[in-house]
Amino acid sequence: MSKPPADSAPHPDHAPRRGFDVDRRTFLKTAGFAMLAAGCARPPVEKAIPLLVQPEELVPGTNLWYASACAGCAARCGTLVKCRDGRPIKLEGNPAHPLSRGGLCAVGQASLLGLYDSRRLAAPVLRGKPVAWPEVDVAVGAGLHAARRMRLLTDTLASPTEERAVRRFLAAHPGARHVVYDPLSCSALLDAHQQLFGLRVLPRMRIERATAVVAFDADFLGTWISPVEATAGYAQARDLSGTPPRLLWHAQIESRLSPTGARADRRWTVLPGEIPLALAHLAARLLPAAGMSLELSGLEPSPLPAAALDELAARLAAARGSSLVLCGSNSLAAQTLVAAINQALGNYGRTLDLEQPSLQRQGDDRALAQLIEELERGAVDALLVRGVNPVYDLQQGTSLRAALAQVPLVVSFAERVDETAAAAHAVCPEPHTLETWRDAEPVAGLVTVMQPALRPLGSTRAFCESLAAWSGAPRSAYEQVRDTWREDVLPRVPGASDFEGFWTAALDRGFVEARPTPPAPRPFDVSQVQVARSAERPAPGQLALVAYPKISQLDGRHAHNPWLQELPDPVSKATWDNYAALAPSTAAELGLQTGDVVRVAAAGTPPVELPVLVQPGQHPRTVAVALGYGRAGTDRFADVGPRWWFGKRTVAVGGTVGANAAPWLRLEADGLRYDRVAVEIEKTGRSRPLATTQRYDSLDVPAGLAPPGGVHRPIAQETVLAAYRGNPRAGAPEGEAESGAPADLWPAAAPGAHRWGMAIDLNACTGCSACAISCQAENNVPVVGRDEVQREREMHWLRLDRYYAEGPGGEVDVAHQPMLCQHCGHAPCETVCPVLATMHSSEGLNQQVYNRCVGTRYCANNCPYKVRRFNWFDYPHEDPTANLALNPDVTVRSRGVMEKCSLCVQRIQAGKIAATTRGTPLRDGEIKTACEQSCPARAIVFGDLADPQSRIAAQARDPRAYRALEELGVQPSIFYLRRVRNRDQETT
Amino acid sequence: MTEALFPLQRPLIAGDKTAADVTRDVCRPLEGRPTPLWWAGFLAAAALLGLGVVCVGYEVATGIGTWGLNKTVGWAFDITNFVFWVGIGHAGTLISAVLFLLRQRWRTSVNRAAEAMTLFAVMCAALFPLIHMGRPWFAYWVFPYPNTRGSLWVNFRSPLLWDVFAISTYFLISLVFWYVGLIPDLATLRDRSSGRRQRLAGLFALGWNGALSTWNRYELVYLLLAGLATPLVLSVHSIVSFDFSTSVIPGWHTTIFPPYFVAGAIFSGLGMVLTLMLIARKTMRLEDYITPRHVDVLCKLVLATSLMVGLAYTTEIATALYSGNPYEGFAFLNRAAGPMGWTYWIMVGCNVAAPQLLWSARVRRRLGIVFAISLLVNVGMWFERFVIIVTSLHRDFLPSSWASYSPTPIEIGTLLGSFGLFFTLFLLFCRFLPAIAMGEVKGVLSHGKGDHA
Amino acid sequence: MRRIVRLVLVVALGFASAALVPRLTGLRLPGNQQGYEPAQPIAYSHRLHAGELQIPCLYCHSGALRSRNAGIPAASVCMNCHRLVTAARATTRAEEKQAEAEHRKPRRVVAPELQKLYDALGLGPDLKPDPQRTARPIAWVRIHQLPAFAEFDHRPHVAAGVACQKCHGPIETMERVRQFETLSMGWCVNCHRAGVPAPDQPGGVKVASTDCSVCHH
């Protein structure tokens with residue numbers, strides 16, 4: 001297909017068939033009500049339009065895979081793009097990629113939908129009017145020519161080609177400067193290494209090599225720097241089924257309950273302002289042993305109990321060289337102390353890699369501060385903004401907008417008219433990553449090529465193309481990437497000579513391993529370590545505010561993605577909103593409940609009204625608010641989901657989804673801070689219920705309703721390491737049958753060729769929700785909107801159940817459990833369906849036949865796991881562009897039918913057909929379900945239980961394996977592997 | 001001729017009526033103009049029916065989402081109403097068939113109306129399984145019929161399918177039973193009227209000639225039909241209860257359900273009969289035919305069945321707690337003390353506590369109080385079904401999917417609409433057909449008895 | 001008595017007509033398109049190509065081997081032959097005779113139906129791409145269409161050795177393609193139940209799966 005799908009001649013099987021499908025449905029509806037249509041009536045005539053000239057590689061109806069990389073965040077994980085008839089329909093992790101190792105996070109999965117966003121700019125905008133590129137080039141060219149003091153403001157590029165384009169651009173424009181900042185900044189961490197090692201780099205975390213990790217406010221499994229890579233390493237370091245079995249010890253010290261904290265074996269809460277002090281105390285216990293002389297006297301008393309400090313110090317010292325201390329705080333003092341501790345523990349060169357440092361964050365907040373100062377002084381003639389949205393994601397947002405008005409020329413490269421672009425003279429939209437050539441070097445020496453999967457849907461132009469055009473040397477992105485790879489990358493790759501061969505191999509694999517530019521770290525300079533001797537604490541009656549990124553929204557760049565907006569937060573389970581999270585004790589004190597609206601006021605910023613969410617595991621003197629909400633234009637979701645008499649809008653017209661927390665950030669001397677020392681919380685008396693997907697948070701039934709011995713429900717089972725060492729079945733409920741099938745009244749199912757099953761390792765699962773979005777993308781799961789979620793009618797086939805429990809030291813323990821159709825051998829749903837719409841397959845699948853379903857909902861009532869989802873309405877599929885993201889292999893369900901996880905039966909079919917056509921039996925692991933494929937922790941294993949050699953069969957034999965509600969005798973095909981916490985004794 | 005042997009026994013029909021009086025009294029409402037009271041009732045009922053039509057129409061056109069159901073609570077008002085109306089239907093068959101076999105002669109004044117009530121109730125009930133479907137236009141798929149799908153039959157293991165057969169059988173038998181009972185009275189109407197009404201009545205009277213031989217055959221047929229209908233009183237609601245008892249959901253999965261449901265059904269049916277009798281008695285001036293004695297007998301039956309239902313409630317809880325099954329135990333504690341506990345206590349209050357007043361004969365004679373109690377019984381029995389369905393579903397096995405439920409206006413409108421349908425049909429029946437079986441009542445008249453002793 | 005007889009007769013007649021009418025009048029159930037034979041933009045003849053000229057099905061419908069859709073060949077495939085063959089042999093021969101008689105070079109004769117193909121490709125009289133003409137893909141009328149909820153894949157059927165004619169009928173005799181079978185679910189399922197001769201053991205049959213999810217997902 002040489003034309004964009006939007007207006008190309010689609011293959012008969014696709015776009016037209018959707019339309020046809022609907023016609024047919026209404027047709028059958030009438031025919032069904034009264035057979036009046038019988039005979040005479042015919043479904044509407046359908047055209048089948050083949051290509052005129054068919055390209056060699058393209059066979060209509062088959063998939064093509066392109067290796068590329070994800071641009072959802074700066075981590076740049078490797079992806080494989082699945083294309084059908086010229087349009088990408090799924091993003092999957094590239095298993096060969098050294099960073100992501102086949103995983104792909106929720107944001108990455110969802111970025112596919114961003115490609116088909118019909119609200120993206122289709123043409124450049126000049127002074128508010130869409131124009132052609134030449135006009136823009138003339139106008140911008142003139143402006144740039146006149147500009148002496150030009151500033152190019154971008155996020156971290158980490159792309160050889162773009163960096164090269166920027167270098168040439170700056171060279172072509174004397175007086176121009178390039179300023180980099182990351183909305184989620186690691187500036188202090190970079191500066192610390194600048195001061196201590198003379199290298200402004202991020203050491204690459206090698207968690208897979210660690211045996212003990214202590215993280216201070218670092219959500220490294222969720223949102224910090226490179227979560228997919230970190231999760232893969234973390235899972236590897238906690239793999240109890242591996243050889244040898246490993247179980248990393250993980251302690252988290254933080255002010256709010258982060259997804260990473262939810263995984264920790266030990267957890268303590270401190271105020272954000274107390275972290276440097278806590279680190280100083282930890283350093284005081286660890287540095288002397290390493291003979292590092294650092295003046296650590298005169299410290300305020302530690303915010304952490306002495307026992308905690310002792311335990312941390314002991315664990316770290318015991319694991320020296322294989323330990324890891326991380327800190328997400330953007331304070332230089334904290335980061336230098338962390339570096340000193342890691343140095344003292346001899347972690348550099350082992351768990352912290354300076355040879356091949358990470359390039360995923362390069363922002364320099366001091367340069368940013370300087371630029372802002374210049375802007376406010378009016379000392380900038382031209383400002384080019386790319387990849388960041390300063391008016392939205394900086395505290396100075398509002399004042400910046402005013403300042404930008406003074407700048408003679410402001411150019412934005414945003415894909416839509418965002419907050420900053422609104423203040424720009426020219427908006428030069430970039431194509432989506434899947435539409436253009438790019439490359440990336442996320443880690444020194446790992447160069448990834450990002451190739452397009454289809455022609456741009458609109459008249460857009462890549463960043464490097466625009467720069468080249470304005471530097472007077474227009475050149476296409478494709479040529480620029482090839483130039484860079486020929487001149488810069490090829491020489492760095494040992495043993496590569498012939499470029500075309502090298503290039504083809506790179507495209508095929510998606511990346512090359514090149515020699516990193518050899519860094520020369522100075523010897524560690526302990527004198528540069530700054531020591532925080534005191535802590536910042538709110539005055540009595542005030543709270544400290546933490547602004548944090550959510551797994552689904554990060555810094556807000558994906559706010560226009562409905563999949564991510566409706567993705568429940570892994571911890572709070574809330575969708576479609578941000579909120580003021582308060583500790584239960586604090587909420588009780590203030591007489592607040594989840595859903596009450598409060599006014600949050602901080603010095604120097606206008607008060608913001610937010611609904612409260614009572615969040616266990618949070619420091620009682622903090623309020624936590626998610627970043628990335630309140631994006632302009634998110635009222636596009638006003639009418640997402642069904643419209644009916646009593647339906648409520650997802651967001652008010654002209655409003656925004658959530659509220660922006662950026663005004664609470666602080667741009668300090670040493671970097672961008674994500675906390676406020678003191679804010680005031682004031683009740684408004686109004687309330688706004690949150691749309692959460694889980695309403696009861698514990699596996700213990702409410703006191704008073706529990707029958708004798710029925711308090712705790714062993715659904716998500718877990719144990720501690722000490723117990724597990726003694727008995728690998730530890731954690732199983734008492735009286736559970738060791739083995740042997742119980743008496744059975746049912747006829748034994750005829751043994752089929754296969755017996756599909758799945759195993760989920762609760763010890764590896766981090767609740768990151770990548771699987772949920774992957775499932776949504778694969779299976780055409782609709783978005784239903786805020787009101788429907790509030791009515792507890794979300795449609796996700798795979799949900800992540802989250803349970804709180806009392807942990808050690810009064811801290812909260814969190815358990816995550818992916819819950820999907822359990823494909824029961826004796827499925828209760830199957831017996832009750834009057835029309836045989838849900839049946840058992842000969843291969844152990846519980847099949848749901850949408851087109852036979854009449855929608856009695858009896859099956860859902862009778863499902864012990866409540867995993868069946870009913871189509872309460874015809875969910876809107878009106879946006880033809882967005883519909884291009886639909887998977888043609890999966891039927892789009894109509895109103896009134898039941899649906900649920902099918903274990904990706906379309907993939908099973910495809911795999912079996914592939915095996916038949918090639919004439920060899922299926923290989924174990926050849927078929928991967930969408931959730932399994934995307935899981936960064938490799939927690940999910942799908943396979944054939946009938947094959948004793950298969951991985952799934954092995955997992956089912958694991959002593960940790962159990963099945964949820966096994967006692968009901970429904971014989972689920974989904975096995976869970978018990979979680980083991982690295983602790984010495986059970987906490988009750 | 002028991003009356004002949006015991007001349008002192010209180011007559012079943014007051015006011016020393018002759019056969020002619022009976023005919024006149026019963027036919028009066030049919031031949032005269034309708035009373036304002038009738039018009040008021042009819043208009044109110046029709047208005048409710050209209051509301052129901054709008055709600056159902058909107059639901060079918062828009063989707064089940066217009067109801068308050070969610071991922072956890074898949075049934076609520078819809079199936080509650082279904083079971084409620086099926087239950088109402090039961091008393092009709094009980095009174096007309098069972099009591100007929102038991103030679104309870106007092107039944108003659110009430111059986112006609114009770115049978116009509118059964119029909120209309122079953123109509124209302126049958127509506128809900130249809131409209132609760134996500135795709136009602138495919139409802140015909142639940143019938144086993146030859147098809148081009150190779151062939152694809154229905155799931156004979158599904159209780160829902162058993163319902164289809166049970167309900168349709170029940171409706172047919174009740175209809176025939178009711179119609180056969182009507183034949184002699186239709187003939188009476190035919191002979192009293194003229195013109196179109198005469199032709200119509202004549203058509204349905206099937207050329208009844210009142211000959212002795214005709215009466216003989218007629219009574220034989222009636223006896224046989226009564227015999228056929230009797231087992232249905234037990235079977236229908238047992239099968240309805242299978243919808244729940246064969247499932248795995250704690251609170252549904254119990255063996256006591258069949259007898260429990262049958263008792264409950266008869267209880268609710270009697271409650272509804274009482275309500276309607278007392279209304280008809282007033283509005284249609286039938287005080288002589290529906291005497292305090294009838295009310296008294298019905299009250300005793302209500303009391304008896306109420307005790308059965310009470311026993312079922314206690315047994316249920318005892319079994320749940322004794323079983324040692326944590327999910328089962330929780331389901332019942334949650335019913336009584338959980339977030340929806342209030343519905344449970346309404347149920348117990350109306351179905352067990354209130355009827356106890358009927359122990360006292362004085363209460364049974366105070367028709368006002370009896371009427372109030374009969375209404376409470378109706379309310380209580382509706383809540384019983386709601387409690388069974390919703391409180392069991394809303395908190396089952398996995399705490400993560402525990403949910404709440406609250407109805408939307410559409411659902412409430414649909415419930416009211418079903419009452420509208422019921423009363424519209426019933427009032428039309430009172431207007432156009434003899435609400436009292438003249439033929440049978442004449443058989444139990446005391447007039448002239450004992451003269452020739 | 002007579003009344004009863006009459007009654008029986010009436011009922012019997014009702015049943016008979018219910019059973020016969022579809023057969024006699026060709027009334028079909030909704031969705032059944034058996035015998036659908038629409039006119040196509042180009043009067044392409046399978047009888048000629050597949051029947052007379054014996055061109056194998058997979059030459060044009062190669063997708064049947066590699067994809068779920070057998071696919072309608074791209075116009076470029078037609079040009080493999082029709083770059084040279086521009087009209088029926090007889091007409092070209094006649095033209096040659098004529099030319100011989102008139103002592104001139106024979107002109108190219110183009111059959112009107114083939115002209116449509118060349119127009120679609122935007123070719124000039126010399127059958128070279130003509131910048132003046134715009135190429136438009138040919139909009140064939142789809143005949144064999146399954147509902148969206150039924151997933152059919154040609155590959156396993158071809159692999160199992162099911163002949164094209166089994167489902168598409170004697171296509172090589174059709175001047176204009178007609179839907180030969182009902183394509184109803186029952187028709188699919190019966191064939192799946194019957195199965196195909198098993199390659200490994202002689203005389204044995206290999207039955208295909210009748211799981212719902214084989215076709216419905």
Side-chain angles (χ1 to χ4, degrees), chain A residues 29 32-33 642 644-646 694-699 701-702 704-710 713 715 788 791-794 799 801-803 817 819 828 831-836 852-858 860-862 864-866 868-874 894-898 965 968 970, chain B residues 58 62-66 68-75 129 132-142 152-155 157-161 164 243 246-249 252 320-321 324-330 332-334 337-338 393 395-404 408-410:
Chain A
K29 225 180 264 180
F33 263 127
W644 60 291
W645 286 351
F646 302 98
Q694 189 174 334
R695 306 294 168 92
Y696 189 80
D697 294 328
S698 166
L699 279 170
V701 305
L705 300 186
R713 297 191 167 180
I715 309 289
E788 284 295 291
R791 294 171 187 270
E792 298 169 273
R793 295 178 187 164
E794 69 277 3
R799 63 175 198 259
D801 290 349
R802 183 265 298 117
Y803 300 107
Q817 182 175 40
M819 186 49 70
T831 53
V832 298
C833 174
V835 293
L836 295 171
R852 176 66 172 172
C853 179
V854 296
T856 67
R857 299 183 300 290
Y858 199 172
N861 289 340
N862 208 23
Y865 308 91
K866 292 289 174 274
R868 293 181 150 258
R869 295 289 176 259
F870 185 68
N871 285 266
W872 302 101
F873 297 94
D874 260 327
S894 77
R895 180 241 295 187
V897 307
M898 193 59 70
L965 296 176
L968 289 181
V970 294
Chain B
Y58 182 62
T62 314
I64 301 294
T66 55
L69 306 170
N70 57 45
K71 65 188 179 194
T72 308
V73 182
W75 288 345
H132 98 293
M133 286 187 186
R135 303 200 291 175
W137 48 93
F138 287 133
Y140 64 94
W141 282 355
V142 303
L152 184 57
W153 297 114
V154 290
N155 183 4
R157 291 187 303 179
S158 166
L160 223 48
L161 191 75
V164 172
D243 286 347
T246 62
S247 78
V248 299
I249 300 301
W252 285 11
L321 295 179
N325 176 337
Y327 301 107
E328 192 80 10
F330 170 79
F332 284 90
L333 292 174
N334 182 55
L393 283 175
R395 286 183 161 187
D396 64 348
F397 294 97
L398 266 53
S400 63
S401 40
W402 285 4
S404 58
T408 63
I410 303 291

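Order of the sequence lines fixes the chain letters, A, B, ..., with proteins taken first and strands second; residue numbering starts at 1 for each chain. Heavy-atom basis, side chains included; hydrogens, waters and symmetry copies ignored.
Contact count against chain B (heavy-atom pairs under 4.5 Å) is highest for Glu792(A) among Gln817(A), Glu792(A), Gln694(A). Top candidate by heavy-atom pairs under 4.5 Å with chain B, chosen from Pro642(A), Gly710(A), Pro707(A), Gly704(A), is Pro707(A). Between chain A and the residues Gly338(B), Pro326(B), Pro399(B), Pro129(B), the largest count of heavy-atom pairs under 4.5 Å involves Pro399(B). No other option in Ala320(B), Pro409(B), Gly324(B) has as many heavy-atom pairs under 4.5 Å with chain A as Pro409(B). For the set Asn871(A), Val832(A), Asp697(A), the count of heavy-atom pairs under 4.5 angstrom toward chain B peaks at Val832(A). Ranked by heavy-atom pairs under 4.5 Å with chain A, the first of Thr246(B), Leu161(B), Leu333(B), Val142(B) is Leu333(B).
Considering every non-hydrogen atom in both Arg895(A) and Gly63(B), the closest pair reads CD-CA, 3.7 Å. Here the closest heavy-atom approach between residue Val854(A) and residue Trp141(B) is recorded as CG1-CE3, 3.6 Å. The two atoms that bring Tyr327(B) and Ile715(A) nearest to each other are OH-CD1, 4.1 Å, heavy atoms only. Minimum interatomic distance between Ser401(B) and Tyr865(A) (heavy atoms only, all atoms of both residues): OG-O, 4.3 Å. Scanning all heavy atoms of the two residues, the minimum distance from Arg713(A) to Trp402(B) falls at NH1-CZ2, 3.6 Å.
Contacts of Phe870(A) with chain B are made by side-chain atoms alone, with heavy-atom separations under 4.5 Å and no backbone atom involved. Arg802(A) does not touch chain B: none of its heavy atoms, backbone or side chain, sits under 4.5 Å away. Of the atoms belonging to Arg791(A), heavy atoms from both backbone and side chain fall under 4.5 Å from chain B. Contacts of Met819(A) with chain B are made by side-chain atoms alone, with heavy-atom separations under 4.5 Å and no backbone atom involved. Both the backbone and the side chain of Ser247(B) come within contact range of chain A, each with at least one heavy atom under 4.5 Å from a heavy atom of that chain. Using a 4.5 Å cut-off between heavy atoms, Val73(B) contacts chain A through its backbone alone, with no side-chain atom that close. Within the 4.5 angstrom heavy-atom criterion, only side-chain atoms of Pro828(A), from C-beta onward, approach chain B.
Shown are Asn70(B), Thr72(B), Asp396(B); of these, the side-chain hydrogen bond (donor to acceptor under 3.5 Å, both in side chains) with Lys866(A) is made only by Asp396(B).
For the pair Arg857(A) (side chain) and His132(B) (backbone), a donor-acceptor distance under 3.5 Å is present. The backbone N or O of Gly74(B) sits less than 3.5 Å from a side-chain atom of Asn861(A), completing a donor-acceptor pair. Under the 3.5 Å distance criterion, the side-chain polar atoms of Arg135(B) are left unmatched by any main-chain donor or acceptor of Val897(A). Put simply, the side chain of Arg793(A) gets close to the backbone of Leu69(B): a donor and an acceptor are under 3.5 Å apart. With Trp153(B) contributing its side chain and Leu836(A) its backbone, the two residues share no donor-acceptor pair below 3.5 Å.
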Would Arg395(B) and Val701(A) satisfy side chain to side chain contact (heavy atoms under 4.5 Å, CB included), going step by step from the backbone distance to the final call? CA-CA 10 Å; Arg395(B) 286 183 161 187; Val701(A) 305; over 6 Å; no
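Phe397(B) is listed as a side-chain neighbour of Leu968(A), based on a closest heavy-atom distance under 4.5 Å.
The aromatic rings of Tyr858(A) and Trp75(B) sit tilted relative to each other, their planes meeting at an angle between 30° and 60°.
Interatomic distance, OG1 of Thr408(B) versus CH2 of Trp645(A), reported as 10.5 Å (0.5 Å rounding). Separating the CG atom in Leu398(B) from the OH atom in Tyr696(A) is a distance of 13.0 Å, to the nearest 0.5 Å.
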